[in-house]
Amino acid sequence: MANVAVVGAQWGDEGKGKIVDWLSERADVIVRFQGGHNAGHTLVIDGEVYKLSLLPSGILRPGKLSVIGNGVVLDPWALVAEIGRLCERGVEVSAENLAIAENVPLILPLHQDLDRIREQAAGRAAIGTTGRGIGPAYEDKVGRRSVRLGDLSDDATLESRLDRLLAHHDALRRGLGAAPIDRADLAERLREIAPQVLPYARPVWEDLDARRRAGERILFEGAQGALLDVDFGTYPFVTSSNTLAGMASTGTGMGPGAIQFVLGIVKAYTTRVGAGPFPTELDDEIGRHLAQVGHEKGTVTGRDRRCGWFDAALVRQTCTTSGVRGIALTKLDVLDGLDELKICTGYEIDGRRVDHLPMAAEQQTRVVPIYETIAGWSESTAGARSWADLPGEAVKYVRRIEELIRCPVALLSTSPEREDTILVTDPFAD
Ligand code: GDP
Ligand code: IMO
Ligand code: MG
């Protein structure tokens, strides 16, 4: 029985939420393993729109267990607010269907302060973060000074964690001209929120192992995308976690052998939100057309997403670094009506041809995409639910993508709606 990891293969917002929600019907457990509430995953079920940031996209299906793994950074106030919003809409969230790793590090208001202060100070060099405190929280995790979820259950432990954390942050804040942390207030806020989040805290590595042994299917839900990975992305314009499929293992406490199929989510064109290199970006009518038809506005921050042609060189690279066995190609319908489409097959730099994006930041801004042009289609693909409903030119476009990225299409998505999805290969049927 296969377990499946779903990961973004571009710069995020590829449609992971929609695909995880669709696949979750076939899964028993859905697990987030990295990132935090910088993610914005949109699900559309019978016209009802749900936007999830921290909760796994399986939370809307009754009878499934949703898990937040240790690789995530968790803002407890954001979690409680998200649960509250869902409950208001009749979705049940309880310790029966949500478990959170007791060793997950917390995002605190001081992390959001630092995120904001740094971005403001960076001026034009700003990364364009979501302002959620993600980077500073991960820094504290590897700096061995995080407050973790389980620490909230014991007052003495919490106090000693705060000692370590504030010794660092107060010094940092002094240097940045910010006021010191009001320790009593922070401790009080943590004590207040604790009873609302501790009921979910569990050794989830053990639960996951038990369920795997019992033959249950586990679906790992990645956030962000491979090009935002802290090692393999367009550094420093990245997020602060590993977004590649390998993180599904250490971010949950399951061995690497627990994942049999990595499904890469790939948008039929390219988008990016925030600053950083983007070789196929279109600053013209077509770019604006894609943004408008694709509703390319950030789910979390409402910022406009930058749009461009499909970059096969990049996706070939990210399918390799994440070990992708099949892709879910999304938003094909957004390309309806364009006379011709371009696909980037590689780059030119200093008179040389390269087939992948160089790691050097300076080169990343200078590469010139090499395009091939392919005919568009005038018919609508929106809402298509079978391969036979697709115009011939759309099929050719999909086939050419498969060839260039050297990876087959397992699923095709033709609208935001859950059921407007074409299954080619079932990732769970390994
Ligand atoms: P995620 O972060 O990867 O989950 O993606 P987002 O939810 O941030 O952004 C993807 C957007 O595209 C959402 O608004 C989805 O509802 C929408 N979407 C997903 N698949 C399709 C599709 O096949 N066609 C269209 N038109 N929209 C889609
Ligand atoms: P989902 O899961 C798109 C981007 C931010 C910024 C950079 C760093 O919805 O695909 P951070 O707040 O993480 O320190 O910001 O990463 N970013 C995303 N872009 N989709 C996301 O998540 C993102 N999460 C972070 O815009 O450029
Ligand atoms: Mg998103």
Side-chain angles (χ1 to χ4, degrees), residues 6-22 32 34-45 48-54 56-57 72-73 107 111-112 114-116 118-119 126-139 221-230 233-241 243 264-269 271-278 290 292-306 328-336 380-385 411-422:
V6 166
V7 289
Q10 292 156 317
W11 275 289
D13 302 327
E14 299 92 347
K16 297 175 292 294
K18 164 171 172 169
I19 300 296
V20 170
D21 167 60
W22 190 86
R32 277 280 306 267
Q34 47 70 232
H37 65 314
N38 51 348
H41 296 179
T42 315
L43 287 55
V44 184
I45 303 161
E48 286 278 311
V49 180
Y50 297 89
K51 291 182 187 294
L52 302 174
S53 284
L54 263 171
S57 299
V72 167
V73 279
I107 300 183
H111 294 122
Q112 270 135 25
L114 198 53
D115 200 348
R116 204 170 31 245
R118 285 201 184 126
E119 284 282 274
I127 286 164
T129 71
T130 59
R132 299 296 187 263
I134 304 292
Y138 275 118
E139 287 169 37
E221 176 178 8
Q224 291 80 52
L227 295 165
L228 290 169
D229 182 272
V230 68
T234 44
Y235 193 89
F237 298 98
V238 294
T239 191
S240 295
S241 66
T243 58
I265 314 299
V266 177
K267 205 179 270 193
Y269 49 101
T271 62
R272 161 160 220 176
V273 59
F278 181 173
L290 294 175
Q292 193 207 344
V293 178
H295 302 289
E296 296 296 353
K297 261 201 189 312
T299 315
V300 174
T301 56
R303 291 177 291 176
D304 288 337
R305 295 177 184 152
R306 302 153 65 192
L329 190 67
T330 63
K331 302 192 100 164
L332 186 69
D333 54 294
V334 175
L335 302 177
D336 291 352
S380 168
T381 65
R385 292 189 183 183
L411 287 137
L412 196 70
S413 166
T414 57
S415 102
E417 263 291 339
R418 178 189 265 176
E419 296 305 333
D420 291 338
T421 305
I422 303 173

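Numbering of ligands and ligand atoms starts at 1, following listing order. On a predicted model such as this, the values are computed, not experimentally measured, just so you know.
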> Under 4.0 angstrom from ligand 1, any heavy atom of Arg305?
Replying inline: yes
> Quick one: does Gly8 get within less than 4.0 Å of ligand 1, heavy atoms only?
Replying inline: no
>> Just to be sure I read this right, does ligand 2 sit under 4.0 Å from the backbone of Thr301, its side chain, both, or neither, counting only heavy atoms?
In response: neither
> Which part of Arg132 is near ligand 2, with near meaning a heavy atom under 4.0 Å away: side chain, backbone, both or neither?
Replying inline: neither
> Against heavy atoms of Gly40, which atoms of ligand 2 measure under 4.0 Å?
Replying inline: 1 (P), 9 (O)
>> If I apply the N/O under 3.5 Å rule, does Asn38 come out as touching ligand 2?
In response: yes
>> Once you restrict to heavy atoms under 4.0 Å, what part of Thr299 touches ligand 1? Side chain, backbone, both or neither.
In response: side chain
> Considering Gln224, His41, Lys51, Arg32, which one's heavy-atom position lies nearest to atom 25 (C) of ligand 2?
Replying inline: Gln224
> Looking at ligand 1, does any of its N/O atoms fall within less than 3.5 Å of an N/O of Val334?
Replying inline: no
> Looking only at heavy atoms, is any part of Lys16 under 4.0 Å from ligand 2, and if so is it the side chain, the backbone, or both, or is it neither?
Replying inline: side chain
>> Can you report which non-hydrogen protein atom sits closest to atom 27 (N) of ligand 1, along with the distance?
In response: Lys331 CE, 3.4 Å
> With a 4.0 Å heavy-atom cut-off (strictly under), which part of Ile265 contacts ligand 1: side chain, backbone, both or neither?
Replying inline: neither
> Tell me: protein heavy atom nearest atom 5 (C) of ligand 2, and distance?
Replying inline: Gly128 O, 3.6 Å
>> Measuring from non-hydrogen atoms of Glu14 to any atom of ligand 1, is the shortest distance under 4.0 Å?
In response: yes
> Is Phe237 touching ligand 2 with its side chain, its backbone, both, or neither, if touching means heavy atoms under 4.0 Å apart?
Replying inline: neither
> Considering only protein heavy atoms, which is closest to atom 19 (N) of ligand 2, and at what distance to one decimal place?
Replying inline: Val273 CG1, 3.3 Å
> Hey, which atoms in ligand 1 end up nearer than 4.0 Å to a heavy atom of Gly15?
Replying inline: 1 (P), 3 (O), 4 (O), 5 (O)
> By atom name, which N, O or S atom of Asp13 is the nearest to the Mg ion (ligand 3)?
Replying inline: OD1
> Where on Leu228 is there a heavy atom closer than 4.0 Å to ligand 2, on the side chain, on the backbone, on both, or on neither?
Replying inline: side chain
> Is the Mg ion (ligand 3) under 2.8 Å from any N, O or S atom of Gly40?
Replying inline: yes
>> Below the 3.5 angstrom mark, is there an N/O of Gly12, backbone or side chain, next to an N/O of ligand 1?
In response: no
> Hey, does Gly17 come in under 3.5 Å of ligand 1, counting only N/O atoms on both sides?
Replying inline: yes
>> For ligand 1 and Thr330, I'd like to know whether there is a polar contact (N/O to N/O, distance under 3.5 Å).
In response: no
